Structure formats: structure tokens, C-alpha cells
Amino acid sequence: MYGYGYQYGKISGGGGLPFTPPLDVYTGAAAAYSLRLLRTAYAGSAIRVRRSSDNAEQDIGFVSGSLDTATLLTFCGAGNGFVTTWYDQAASVNLTQITAASQPRIVNAGVLDVVNGKAAILGDGVNDRIFGSIAGLSNPNTGFYVIDKIGNSGSVGGLFSGAAFAGGLLQAATGVYAYQQGPQFGPTYANVNQSLITLKTATTGTNWAMWGNGSAITNSGENIGTSTGNIINFFSQISANFGNAYVQEYILYSSDKTSDRIGLETNINSYYGIY
């Protein structure tokens, strides 16, 4: 089933996909995860799912560029579906979780988890986490996050290093912070239900930027450090600080992509209808 959903999507959508895959235009991503097709040349699946009825697993691909939800729901039946692997559409940094109790959910009792009508992966805020190691990442780097915050504490996700954040995001009671190797820094972005958040990490201690739903978050000169993470992690801070949130897409560049920010955000927003 690894390539089936994608090939079906090529037949259904082909060159006439209902949207332009963003990585076709904005190339060079270090890692990219989504429940839609991000790159026309990508021939793999979106996710691998475990169903609760018998713990069988199956890869789920794309139809017309979007997640093949019909195959997903047929596979899960009346039970739940949990994501064991979120495939990297840019390189080979797949995010995985082998512990069943810690796998985030995408189907609830036969019903697809959605945000704004699009499939979404849910972290329960208790023990869910999906992650992978990335090598060769350097500052500056830029991440584009499509998230929907539910709970009042915990981690949405991003880049981590050891036991601390490094260029990631922290979900908190009042919103989302930029976070880097220590306590949170910078103003909070509070409108996080559903949000497109762009974060460019530092080349120097104060050279960072953050946008929420297309609007700049004022940088008062806070020093968030210059360290770079080596773990891509969602829904927890290295097996702690678990966050209750949906994630639909994350694109990471090992470069300053602020010159392409508006184009990328427009592409993402046109698909997800965030703002």
C-alpha cells in the first residue's frame, strides 16, 4: 500500500491538482510533513496508521493531492486510528512512535479527526509524542507550522536539542512562545485556534522573527540564543511537557526563508483556510 494512494492521486489529480504543492515552488526544505502532497515528485505515503481493532498497520497515501481519507476510514472501521509514522516528503527524516500508548490519533471511533474540514493529527496532552532525528541543520532555520491549540500547557512541537527546545515552539496557557535553550522568550502569539505560525530562528542572539496568521509578532530584542536542534518533535518536549493540540503541516528550511514567507504562507493558507 506504500505507493498506492499516491498513484491513485496522480491518476485522479495528475497535473491538475487543485493546489500547487509548495515544495515545487519553494525548494530546498530540510524536512516536510503534511496531510496533503507537498511535492509533485514525492512518490511515498503521507502517514502510516495503526488501527485499534487488531493493531494492524497500513500506509495511507494521497488522492488528488489530499490525504486518502476513504482508504484510511475503511482501514480503521469503527475503531480508532493512530499515527505510527509521519513521512518526510522532503528528505528522509520520518517521524515515528513505536509505543502504542504514545501514538497521536487521526481517527476517533470511525470518525476522521479534522480541523476546519481537513484531516488533522491529535496529540492528547497526556503522553503522545512523534519524533525523528535530523542531521546537518544550521542556523538560521525557518519553520512553518499549521496547528490548532486545545490545552493550556505543553508543547506544540518544533526543533529540540537534548532536554531543551532549540528553535521550537512552546504551547502555553496564553498562546505560543518562541523558545530556545531556556525559558520562553519574546511576545506570545495568542490566536492559536487554528493558526499558521512562522518562526525564523537566530543567526545572532536577537536576530529572530515570528509571525502568526501573517502578522509579525513584535520582537523586543529578546535573546533566544543561536543553538540549533537535532530532533524534530511534536506534542511533547522530549518525553515531557505534553501538549494537547492538532498538527496538520510542518515545513522546515535550514535557511532564512523570510523572503519567501508571504508566498509560502499564502500557499498554506489557501489550502487550509486558516485566516
Side-chain angles (χ1 to χ4, degrees), residues 29-36 38 46-50 60 67 81-107 113-115 118-134 137 141-172 175-180 189 192-199 201 228-253 268 272:
Y33 312 92
S34 184
L35 299 177
R36 64 165 174 159
L38 296 177
I47 53 177
R48 186 168 182 83
V49 173
R50 176 184 63 84
I60 305 296
L67 187 70
F82 300 94
V83 178
T84 66
T85 304
W86 199 354
Y87 292 109
D88 181 5
Q89 296 186 43
S92 58
V93 189
N94 297 331
L95 307 184
T96 62
Q97 179 55 265
I98 62 173
T99 302
S102 297
Q103 292 163 354
R105 195 186 73 196
I106 193 165
V107 175
D113 282 302
V114 299
V115 173
K118 297 291 197 304
I121 299 173
L122 174 67
D124 64 5
V126 177
N127 57 8
D128 288 349
R129 177 194 179 210
I130 192 165
F131 62 97
S133 296
I134 185 167
L137 198 65
N141 56 74
T142 313
F144 297 79
Y145 302 76
V146 181
I147 64 172
D148 183 50
K149 173 179 173 291
I150 300 172
N152 290 328
S153 64
S155 163
V156 172
L159 290 173
F160 304 82
S161 179
F165 284 67
L169 296 174
L170 175 69
Q171 173 184 318
V176 174
Y177 297 108
Y179 203 99
Q180 186 110 9
Y189 177 61
V192 292
N193 299 309
Q194 167 193 30
S195 294
L196 168 56
I197 297 175
T198 306
L199 174 67
T201 58
T228 304
N230 58 7
I231 299 171
I232 299 175
N233 196 86
F234 280 93
F235 308 120
S236 85
Q237 178 195 0
I238 313 301
S239 298
N241 198 23
F242 296 96
N244 189 197
Y246 289 97
V247 176
Q248 294 170 299
E249 187 162 299
Y250 175 54
I251 304 174
L252 173 67
Y253 291 89
I268 295 168
Y272 288 103

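The shown structure was predicted, so the numbers you read here are calculated from the model rather than taken from an experiment.
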Heavy atoms, side chains only, cut-off 4.5 Å: are L35 and I106 in contact?
yes
Is the shortest side-chain N to carboxylate O distance from D124 to R105 below 4.0 Å?
no
Rounded to the nearest 0.5 Å, what separates atom CD1 in I134 from atom CG in D88?
7.5 Å
So how far is it from I147 CD1 to Y246 OH, rounded to the nearest 0.5 Å?
13.5 Å
Can you measure from CD (E249) to CG (L196) and round to the nearest 0.5 angstrom?
8.5 Å
Tell me if a side-chain donor or acceptor on T142 pairs with a main-chain N or O of Y253 at a distance below 3.5 Å.
no
Using 0.5 Å steps for rounding, measure from the OG1 atom of T85 to the OH atom of Y33.
11.0 Å
Do any N or O atoms from the side chain of D113 and from the backbone of I121 form a donor-acceptor pair under 3.5 angstrom?
no
Heavy-atom donor-acceptor pair, S102 side chain to R129 backbone, under 3.5 Å:
no
For A90 and A30, work out which heavy atoms get closest and say how close.
CB-C, 4.5 Å
Start with the C-alpha gap between L137 and L252, add the side-chain angles, then the distance that decides, and say whether side-chain contact (heavy atoms from CB on, under 4.5 Å) holds.
CA-CA 10 Å; L137 198 65; L252 173 67; 4.0 Å; yes
Start with the C-alpha distance between F242 and D128, add both sets of side-chain angles, then the distance that settles side-chain contact (heavy atoms from CB on, under 4.5 Å), and finish with yes or no.
CA-CA 7 Å; F242 296 96; D128 288 349; 5.6 Å; no
Do side-chain atoms of S195 reach the backbone of I197 as a donor and acceptor pair under 3.5 angstrom?
no
With distance as the sole test, does Q103 use its side chain to make a donor-acceptor pair with the main-chain N or O of Q97 at under 3.5 Å?
yes
Name the residue from Y145, W86, F144 that meets the ring-ring contact (aromatic ring centres under 6.0 Å, His included) definition with Y250.
Y145
Would you say that L67 contacts I47 through its side chain, given a criterion of any heavy-atom pair below 4.5 Å between the two side chains?
yes
Measure across S34 and A46 and return the closest heavy-atom pair with its distance rounded to 0.1 Å.
O-CB, 4.0 Å
Does any part of the side chain of L159, heavy atoms only, come nearer than 4.5 Å to the side chain of I232, both counted from C-beta?
yes
Which value, rounded to the nearest 0.5 Å, describes the distance between F235 atom CZ and N241 atom CG?
13.5 Å
Atom pair CG (L122) and CG (N244), whose distance is rounded to the nearest 0.5 Å
6.0 Å
Does a donor on one side chain and an acceptor on the other come within less than 3.5 Å for Q248 and Y272?
no
